[in-house]
Amino acid sequence: MTLHLHTLHGCSPTPLANYLKALGILRLVGEQADKQARGWWDGEHFCLLTKLSREELEAFFLERYAPTPLLSPWNKGCGFFKANDSGLCPLEESTAPRLERFRDGVVAARQLLNE
């Protein structure tokens, strides 16, 4: 098996958002694409070692990545209290298999709100 080293220049240890982005990338690749993926900091950049080539890594995030269904229907502006919300409706109406868990989460949140 060939391993590919990706230096992610947009993922630095600071600010916190860039640090969390790097951890998120490692978590998603490790959970959904390559269980053996490894990551570490090299100075100001995050390094990702994976069986995925650059093209395969891009394809994963563009076509196969399944977002974590994190919803907060009680927050203002979440889309649950506005008819045909431009942020929530496309996800809710999608038929993409990778968004199935997200759609299930929207259904569960709507059930709770209706109660």
What's the verdict on side chain to side chain contact (heavy atoms under 4.5 Å, CB included) for His4 and His6, showing C-alpha distance, side-chain angles and the deciding distance?
CA-CA 6 Å; His4 302 273; His6 305 281; 3.6 Å; yes
Donor-acceptor pair, side chain of Thr68 and main chain of Leu70, under 3.5 angstrom
no
Measure the spacing between OG1 of Thr50 and CG of Leu5 and express it to the nearest 0.5 Å.
10.5 Å
Side chain to side chain donor-acceptor pair (under 3.5 Å) pairs touching residues 12-25, sequence neighbours excluded, are Ser12-Asn18
Look at the side chain of Arg98 and the backbone N and O of Arg64, then say whether any donor-acceptor pair between them is shorter than 3.5 Å.
no
Can you name the salt bridge (Lys or Arg N to Asp or Glu O under 4.0 Å) partners of Glu31, sequence neighbours left out?
Arg27
Are Ile25 and Tyr65 connected in the hydrophobic side-chain network, where two residues link if heavy atoms are under 4.5 Å apart?
yes
Under the 3.5 angstrom rule, does the side chain of Arg103 hit a backbone N or O of Ser94 as a donor-acceptor pair?
yes
Heavy-atom donor-acceptor pair, His45 side chain to Pro13 backbone, under 3.5 Å
no
Under a 3.5 Å distance rule, please check whether Asp85 uses its side chain to pair with a backbone N or O of Leu88 as donor and acceptor.
yes
Test Thr7 against Phe46 for side chain to side chain contact (heavy atoms under 4.5 Å, CB included), laying out the working first.
CA-CA 6 Å; Thr7 302; Phe46 187 73; over 6 Å; no
Please determine whether residues Leu99 and Leu71 belong to a single hydrophobic cluster, defined as Ile, Leu, Val, Met, Phe, Trp and Tyr linked transitively by side-chain heavy-atom distances below 4.5 Å.
yes
Any chain of hydrophobic side-chain contacts (each under 4.5 Å) joining Leu26 to Leu20?
yes
Report yes or no: do Leu49 and Met1 belong to one cluster of Ile/Leu/Val/Met/Phe/Trp/Tyr joined by side chain heavy-atom distances under 4.5 Å?
yes
Donor-acceptor pair, Glu92 side chain versus Val106 backbone, under 3.5 Å?
no
What is the distance from atom CG of Leu113 to atom CH2 of Trp74, rounded to the nearest 0.5 Å?
9.0 Å
Do Leu8 and Trp41 share a hydrophobic cluster, counting only Ile, Leu, Val, Met, Phe, Trp and Tyr and linking them when any side-chain heavy atoms are less than 4.5 Å apart?
yes
Rounded to the nearest 0.5 Å, the NZ atom of Lys51 sits from the OG1 atom of Thr2 at a distance of 12.0 Å
Asn114 side chain to Arg110 main-chain N or O, any donor-acceptor pair under 3.5 Å?
yes
Residues that Glu93 engages under side-chain contact (heavy atoms from CB on, under 4.5 Å), provided they are two or more places apart:
Cys89
To the nearest 0.5 angstrom, please state how far the CZ atom of Phe61 sits from the CD atom of Gln32.
8.0 Å
